[in-house]
Every structure is written in C-alpha cells, then in structure tokens.
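The figures here come from the full heavy-atom set of this structure, side chains too, leaving out hydrogens, waters and symmetry mates.
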Amino acid sequence: MHAYSEVVARPLEVVSDPIEIETIAMRTMRLPLNEPFETSFGSIDSRLIFLVSVEAGGLTGWGEVVAAEEPRYSYETVGTAQHVIRDYFAQAMLSRPVANLADLATRFATYRGHNMAKAGLELAYMDLLARTRGQSLSHLIGGTRDQIPVGVSLGIQPSLNRLLERVDRYLSLGYQRIKLKIKPGWDIEIAQEVRRRYSNILLSVDANCAYTIGDKDHLRALDEFGLLMIEQPLNHDDLIDHARLQAEMTTSICLDESITGVKRAEQALDLGSCGIINIKIGRVGGYSQALAIHDLCYSRGIRVWCGGMLESGIGRAHNVALASLPGFSLPGDISASSRYFARDLIVPEVSVAADGTVQVPRGPGLGFEVDPDYISSRTETIERIESVSEARA
Ligand code: OSB
Ligand code: MG
C-alpha cells in the first residue's frame with residue numbers, strides 16, 4: 001500500500017460569493033423496492049425517501065436525508081430529521097448568507113448528532129453551489145475519476161439457492177464486488193458456498209453489528225475464505241473490541257456504523273480497529289466530514305469506499321461524485337437505479353456498464369436531471385421553510 005502525502009486539489013476552496021438561500025423544501029415519498037432488503041436488523045420492502053432542496057437566485061440544489069423510518073441502523077429516523085431541520089438546522093442555514101461549506105458545517109456543529117439531517121442540507125447546498133458555478137460536483141470536491149468501480153450489497157435471502165442466483169445475476173451484469181449481508185446462522189456456510197463457486201471474485205460480508213467479541217472464534221472461521229473485508233461485525237459505537245478482533249483476524253475489518261466523523265476515523269486508525277473504512281456522507285454528517293475522512297485515509301494509505309443507504313438517485317448521484325475522489329480505491333455500494341426501484345427520481349437513471357463501472361457525470365451540479373414531474377406525482381408530504389420569521393410563525 002502507498003502512503004500519500006499530496007493534498008487533494010479542491011476547487012471548493014476557491015472563494016466565491018456567499019449564497020443567500022431563500023427557501024428550503026422538505027419532501028417525502030414512498031418508493032417500493034424491487035425486492036425486499038433484509039439485514040441483521042430487519043427487512044424492508046419500500047423506502048420512505050426524504051428529499052431536501054434549497055433555492056437561491058432561480059437555481060435549486062438537491063439533497064437527500066438517508067435516515068430510515070425506524071431507528072435501527074442509527075438512532076435517526078425520517079421523523080427526527082424533519083424535526084431537527086424544521087426547528088433548528090433550517091434557521092441556521094437561512095439566518096445569513098452561506099460563505100462556504102465550512103461556514104455551513106460550523107453552524108450545524110453547535111448541534112449534537114443528527115448527522116443524516118445535517119448531511120441532507122449540506123448535499124443540497126453543495127449541489128446548489130456547483131450549479132451556481134456551472135461546475136460538476138465531482139470537479140468541485142476534487143474528484144479525479146471519470147468512472148468509478150461498483151459492487152452490490154445482497155440482503156439475507158430465504159435460501160442459499162436464492163442467494164446464489166442473485167450472486168450469478170449481479171456478476172453477469174459486471175458488478176466488481178459482491179457483499180453478503182450476514183447474521184448468526186447465515187454467515188460461515190453461505191460465505192463458504194459463494195467462495196466455492198467463485199474462487200476469484202472480490203467478496204465481502206456485512207454483519208451490521210450482529211456479533212460480540214465473544215463470537216471471536218466463530219468469526220475467525222471467515223478467515224478461510226479470502227474475503228476483502230468483514231464490515232461492522234461488532235457494536236455500532238465500538239472501536240476497542242474491533243481492535244481486539246482485528247488483532248486476531250487476517251481478514252480486514254471495515255467499519256461502517258462506528259465511523260461517525262473524522263475524529264472517530266482517526267481514533268479507529270490509531271487503535272487498529274479496522275483496515276478499511278466505508279464512507280457514507282449521511283452517517284458522517286455531510287461533505288465536510290466525508291472529505292476530511294477521505295483526506296485522512298488517503299494520506300495514511302488506508303483504502304476507503306463509498307457506502308449506500310438504498311438512496312434514491314438524488315442521494316446516489318452525490319455518492320457517485322464522492323466516489324470520484326482519488327482515495328476511493330475499492331468498489332462502492334453504488335448499484336444501478338434498476339437494482340433498487342422500478343423508476344428512479346433522476347434522468348438518466350444510474351446505470352452500471354458491463355465492466356462494473358458507473359460514469360461520473362460532468363454537467364453542472366449532480367450532473368443528472370432531477371425529474372420534477374415524477375417527484376411531484378409521488379410526493380406525499382411537502383413543507384417549505386422560507387425565512388427565520390416565517391419558519392417560526
Ligand atoms: O450497512 O451498508 C449497510 C443499506 C441500508 C442500511 C445499511 C446498509 C445498507 C446496504 C445497502 O448495505 C447499500 C446500497 O446498495 O445502497
Ligand atoms: Mg454496512
């Protein structure tokens with residue numbers, strides 16, 4: 001592995017005029033999933049999508065709050081995010097013109113937690129900033145890749161045969177890495193079977209916190225299968241037990257839930273809690289933290305990849321931009337729109353080429369058109385926040 005010391009060149013840091021945001025809109029809509037998605041913490045068959053948009057000078061920037069309906073992956077929910085945006089974060093954003101990303105992040109930092117809610121607004125701001133400058137988001141944040149390698153995350157299935165069928169399908173579509181969701185009782189044997197069938201693929205597993213350090217010997221059985229990584233085997237806020245486990249496993253641990261910001265990432269690396277980090281913009285509180293974690297890992301030669309939250313195309317388009325940064329050397333959980341939904345909210349939809357890559361768009365902002373008619377037709381709730389006084393009225 002290389003140690004990098006270069007600073008990532010980032011047009012974002014070039015000074016531009018402050019943006020006076022006029023309106024923040026929050027929309028929710030339910031999108032059915034093409035097939036149920038089961039993890040160690042439960043199964044869902046639709047996604048309640050929460051979009052935020054910000055308007056200034058006739059332009060609109062789009063973001064997505066990736067919180068789920070229930071506090072299982074994290075404590076945030078669509079409901080808590082609506083509350084904190086409506087009652088706190090919107091005012092912070094509208095109170096005076098936003099000078100830059102750091103200015104916005106500093107305003108939000110005075111409020112504890114609620115990273116996905118903060119991130120939704122940071123995403124919308126960054127899309128707006130990129131559109132205002134006529135630049136692509138990827139270019140704005142210092143992206144260097146024209147296409148990004150992608151993988152697929154396969155939920156727990158009713159049977160091994162159903163799982164193998166899905167592995168076959170996504171490999172034949174070109175996906176570069178297969179990730180299997182695991183839990184006690186659906187772990188060693190399925191990893192073994194998939195590896196037996198495909199000796200050379202990039203294969204990983206994701207436990208979503210389903211084990212404890214007491215399961216160490218059980219988990220070590222996974223070391224036989226040449227996995228790229230085991231993602232978040234232990235508790236969601238643990239670093240210590242992960243370090244103990246990593247010291248006894250040859251498979252790299254990748255942290256997801258445990259990495260909630262750049263400070264935690266630094267501690268995880270110092271403790272040896274993981275060898276790989278999954279960066280999700282929502283989980284870490286927005287672009288400000290996601291970029292900082294990327295830069296930290298890039299400078300230390302630690303591999304990162306972009307995680308997913310079964311987002312709509314709007315959130316996924318942001319993930320594509322993020323994953324174009326030079327440190328994203330492993331395939332992301334950024335699958336084609338058709339892997340999730342019958343119809344996505346952006347045009348064109350995200351598609352995966354036969355070589356398992358997604359093209360990074362070069363048009364202004366997200367680089368995909370947001371489909372306003374389809375969004376309107378599906379919107380279930382909409383709330384507009386115009387100004388400090390009106391928001392409080
Ligand atoms: O742990 O990475 C996870 C989806 C929802 C919540 C948590 C996770 C996931 C996924 C799916 O693994 C990733 C995707 O394809 O969006
Ligand atoms: Mg995960």
| Do S95 and R107 come within less than 4.5 Å of each other through their side chains, counting heavy atoms only? | yes
| said: Pair D168, R197 - check salt bridge (Lys or Arg N to Asp or Glu O under 4.0 Å), show working. | reply: CA-CA 10 Å; D168 293 351; R197 200 167 166 113; 2.7 Å; yes
| query | Looking at F108 versus H114, is the centre-to-centre ring distance below 6.0 Å? | reply | no
| message | Using side-chain heavy atoms (C-beta onward) and a distance below 4.5 Å, is L129 in contact with S16? | response | yes
| message | Is the ring pair Y88/H83 parallel, tilted or perpendicular, if the boundaries are 30 and 60 degrees? | response | perpendicular
| request: With side-chain hydrogen bond (donor to acceptor under 3.5 Å, both in side chains) as the test, would you mind laying out the steps for S329 and R303 before giving the verdict? | output: CA-CA 6 Å; S329 54; R303 291 171 295 173; 5.5 Å; no
| query | Roughly how far apart are I213 CD1 and H242 NE2, rounded to 0.5 Å? | reply | 8.5 Å
| message | For E22, I'd like to know if atom CD has over 12 heavy atoms of other residues, nucleotides or ligands within 6.0 Å. | response | yes
| Heavy-atom check, side chain of E248 versus side chain of R220, under 4.5 Å | yes
| Verdict with reasoning, Y298 to D295, per side chain to side chain contact (heavy atoms under 4.5 Å, CB included) | CA-CA 5 Å; Y298 194 46; D295 295 356; 5.5 Å; no
| note | To the nearest 0.5 Å, atom OG of S204 lies from atom NZ of K181 at 9.5 Å
| request: Please examine the side chains of W305 and P331, heavy atoms only from C-beta on, and report whether any two atoms are closer than 4.5 Å. | output: no
| L269-L330 co-clustered via ILVMFWY side chain contacts under 4.5 Å | no
| note | Shortest non-hydrogen pair, K179 vs S153, comes out as CE-OG, 3.4 Å
| query | Taking atom CZ of R27 as the centre, does the number of heavy atoms from other residues, nucleotides or ligands within less than 6.0 Å exceed 12? | reply | yes
| query | Measuring from H318:NE2 to L366:CG, what's the distance to the nearest 0.5 Å? | reply | 4.0 Å
| query | After noting the C-alpha distance and the side-chain angles of D270 and Q267, does the key distance pass the side chain to side chain contact (heavy atoms under 4.5 Å, CB included) rule? | reply | CA-CA 5 Å; D270 289 348; Q267 291 169 343; 5.6 Å; no
| message | side-chain hydrogen bond (donor to acceptor under 3.5 Å, both in side chains) for E257 and S74? Distances and angles first, verdict last. | response | CA-CA 8 Å; E257 284 90 331; S74 82; over 6 Å; no
| Steps toward side-chain hydrogen bond (donor to acceptor under 3.5 Å, both in side chains) verdict (S338, E349) | CA-CA 8 Å; S338 58; E349 300 197 330; 6.0 Å; no
| Do L203 and F225 come within less than 4.5 Å of each other through their side chains, counting heavy atoms only? | no
| query | Between S40 and N208, is a side-chain hydrogen bond (donor to acceptor under 3.5 Å, both in side chains) present by the stated rule, with each step listed? | reply | CA-CA 6 Å; S40 63; N208 289 108; 4.7 Å; no
| task | Tell me, yes or no, whether the heavy-atom count around D237 atom CG, taken from other residues, nucleotides or ligands under 6.0 Å, exceeds 12. | result | yes
| note | Nearest heavy-atom contact between G151 and S335 is O-OG, 3.1 Å
| Rounded distance [0.5 Å steps], CG in L245 versus CD1 in I240 | 13.5 Å
| task | Treat each ILVMFWY residue as a node, draw an edge where side-chain heavy atoms are under 4.5 Å apart, and state whether M26 and I382 are in one component. | result | no
| Within a strict 4.5 Å, meaning less than it, do heavy atoms of the I314 and I49 side chains meet? | no
| task | Can you measure from CZ (R133) to CG (L140) and round to the nearest 0.5 angstrom? | result | 5.5 Å
| message | Looking only at the side chains, is there a donor atom on one of R362 and S138 sitting less than 3.5 Å from an acceptor on the other? | response | yes
| message | Donor-acceptor check, side chain of R283 to backbone of T260, threshold 3.5 angstrom: yes or no? | response | no
| field | Nearest non-hydrogen partners of A105 and S288, listed with the distance | value | CB-OG, 3.5 Å
| task | Starting from the C-alpha separation in whole Å, work towards a yes-or-no answer on side chain to side chain contact (heavy atoms under 4.5 Å, CB included) for R166 and R162. | result | CA-CA 6 Å; R166 273 152 189 78; R162 290 279 289 272; 3.5 Å; yes
| remark: Note: P32 and R378 closest approach over all heavy atoms is CD-NH2, 3.8 Å
| note | Which of S299, P326, C306 passes side-chain contact (heavy atoms from CB on, under 4.5 Å) with H294? Answer is P326
| Would you call I24 and V54 a side-chain contact if the rule is heavy atoms closer than 4.5 Å? | yes
| said: Check whether N115 reaches the backbone of G282 with its side chain - one donor and one acceptor, N or O, closer than 3.5 Å. | reply: no
| said: Between Y75 and V66, is there shared hydrophobic-cluster membership here, with clusters defined by ILVMFWY side-chain heavy atoms closer than 4.5 Å? | reply: no
| request: Would you give the length of the straight line joining atom CD1 of I178 to atom CG of L228, rounded to the nearest 0.5 angstrom? | output: 12.0 Å
| query | Between R343 and S337, is there a donor-acceptor pair closer than 3.5 Å when you use the side chain of the first and the backbone of the second? | reply | no
| query | Under 3.5 Å, is there a donor-acceptor pair between the R384 and T23 side chains? | reply | no
| task | For E369, look at atom CD and say whether over 12 heavy atoms of other residues, nucleotides or ligands are found less than 6.0 Å away. | result | no
| said: Tell me which one of R339, R316, R47 satisfies side-chain contact (heavy atoms from CB on, under 4.5 Å) with L310. | reply: R47
| query | Going by the angle between their ring planes, with limits at 30° and 60°, are Y73 and F41 parallel, tilted or perpendicular? | reply | tilted
| Looking at E311 and K280, does any basic side-chain N land under 4.0 Å from a carboxylate oxygen? | no
| task | Spell out, as yes or no, whether a donor-acceptor pair under 3.5 Å connects the side chain of Q246 to the backbone of G272. | result | no
| field | Same apolar cluster (I L V M F W Y, side chains within < 4.5 Å links), I281/F328 | value | yes
| query | Honestly curious: do I276 and L180 fall in one hydrophobic cluster under the side-chain, below-4.5 Å linking rule? | reply | no
| said: For a side chain to side chain contact (heavy atoms under 4.5 Å, CB included) check, start with the C-alpha distance between L128 and I21, then their side-chain angles and the critical distance, and finish with the verdict. | reply: CA-CA 10 Å; L128 179 65; I21 293 167; 4.2 Å; yes
| D355-T357 side chain donor-acceptor pair, cut-off 3.5 Å | yes
| task | Report yes if the side chains of L12 and Y287 come closer than 4.5 Å at any heavy-atom pair, otherwise no. | result | no
